[in-house]
Number of protein chains: 2
Amino acid sequence: MGGREQGAGEGNRARIRDLRQAGKKVDGRDQPLELEGDEPDVLLGSDTAPNAVETVLHALTSCLAVGFVYNAAARGIDVESLEFRLDGDLDVRPFLGISQDPRPGYEGIRVSYRVKSNAPRKQIEELCNYVQATSPVMDIIRNPVPVEVVLED
Amino acid sequence: MGGREQGAGEGNRARIRDLRQAGKKVDGRDQPLELEGDEPDVLLGSDTAPNAVETVLHALTSCLAVGFVYNAAARGIDVESLEFRLDGDLDVRPFLGISQDPRPGYEGIRVSYRVKSNAPRKQIEELCNYVQATSPVMDIIRNPVPVEVVLED
């Protein structure tokens with residue numbers, strides 16, 4: 001599976017296009033999906049859209065939510081409602097070039113979640129552990145991913 | 001700085017709320033920003049919005065784009081246009097519980113970018129190296145971030 005997108009500049013827009021399976025384009029997406037990015041006023045943007053690090057938290061929530069409801073269904077666990085709350089701590093000084101530490105990205109992320117379900121707490125926590133272990137975005141955030149960057153001619 | 005959001009279920013919606021600086025809420029965002037998440041047909045969704053791992057690519061593009069134009073301006077480099085293309089390779093079997101390897105997340109991400117600028121190629125590449133080194137999302141993806149998950153009562 002692959003995802004592609006293009007963006008340009010602050011107040012940027014991404015077009016998310018092909019899904020490929022085993023090198024073959026998956027049918028069903030004739031038009032690219034779009035996502036917007038911006039920055040809050042305090043970072044010289046217009047705050048018309050979430051910024052990049054907020055979008056990472058959304059991606060993690062989205063991934064955990066999908067994994068949770070799919071795997072709850074597979075285990076016969078009834079989920080009436082599911083809500084995640086995420087907080088991430090980030091020091092903007094490295095991004096702004098003011099300091100080299102701490103790291104530019106999140107120093108830590110806290111996820112708390114609330115579930116309405118008849119299942120016992122232990123079963124919900126076991127489900128959530130499984131979801132964390134198999135979540136693509138959790139893996140991307142918790143573990144290193146190699147990224148190659150090339151300037152085209 | 002922190003970001004928060006809530007989401008629920010497949011076809012999920014995130015509300016992105018407070019930005020806090022030094023523990024104090026930053027003014028300027030009275031209403032939360034919203035982002036949508038879904039899954040393509042092939043993963044049992046309705047493809048109304050990008051899925052979580054596509055959103056990660058958008059976050060990385062958004063981060064690199066903002067860093068690029070800010071730092072280009074700071075260096076007096078004129079950027080007429082900037083376009084990123086991202087591809088990520090991901091095997092869905094771990095997420096689907098069919099196999100324990102490879103990893104659930106991206107095995108690798110390739111970024112290629114195209115710039116219209118009068119600056120020489122060497123200067124563009126130096127700028128891009130600096131942007132990568134200071135990019136919060138690049139750091140989050142390339143390096144491990146601790147994530148704590150707690151079930152609320």
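In what follows, every chain begins at residue 1, and chains take the letters A, B, ... in the order their sequences are listed. Predicted model, so just to flag it, every value in this text is computed and none were measured. The basis for the numbers below is simple: all heavy atoms, side chains too, and nothing from hydrogens, waters or symmetry mates.
Only the backbone of A/Ala133 comes within contact range of chain B, judged by heavy atoms closer than 4.5 Å. Both the backbone and the side chain of A/Tyr113 have a heavy atom closer than 4.5 Å to some heavy atom of chain B. For B/Ile124, the part lying under 4.5 angstrom from a heavy atom of chain A is the side chain only. The contact between A/Ser112 and chain B is made by backbone and side chain atoms together, counting heavy-atom distances below 4.5 Å. Interface remark: B/Phe95 contributes backbone and side-chain atoms alike to the contact with chain A (heavy atom separation under 4.5 Å). For B/Ala74, no part sits under 4.5 Å from any heavy atom of chain A, backbone or side chain.
Contacts between residues 96-103 of chain A and chain B, defined by a heavy-atom separation under 4.5 Å, are made by A/Gly97, A/Arg103. Heavy-atom neighbours of chain A within the stretch residues 143-153 of chain B, taken at a separation under 4.5 angstrom, comprise B/Asn143, B/Pro144, B/Val145, B/Pro146, B/Val147, B/Glu148, B/Val149, B/Val150, B/Leu151, B/Glu152, B/Asp153.
Applying the salt bridge (charged side-chain N to carboxylate O under 4.0 Å, His left out) test to B/Glu107 and every residue at least two apart in sequence or in another chain returns nothing. Qualifying side chain to side chain contact (heavy atoms under 4.5 Å, CB included) partners for B/Lys116, counting only residues two or more places apart in sequence or in other chains: B/Glu80, B/Ser81.
Around the CZ atom of B/Arg114, the shell of radius 6.0 Å holds no more than 12 heavy atoms that belong to other residues, nucleotides or ligands.
The shortest non-hydrogen separation linking B/Gly105 to A/Ile140 is CA-CG1, 3.8 Å. Looking at every heavy atom in both residues, A/Ala59 comes nearest to B/Val56 through CB-CG2, 3.7 Å.
Among A/Glu125, A/Met138, A/Arg142, the residue making the largest number of heavy-atom pairs under 4.5 Å with chain B is A/Arg142. In terms of heavy-atom pairs under 4.5 Å with chain B, the best-connected choice from A/Thr134, A/Val115, A/Leu64, A/Val79 is A/Thr134.
Between B/Pro136 and A/Leu90, the closest side-chain pair of non-hydrogen atoms falls below 4.5 Å.
Tracing side-chain contacts under 4.5 Å through hydrophobic residues (I, L, V, M, F, W, Y), one reaches A/Phe68 starting from B/Val92; they form part of the same cluster.
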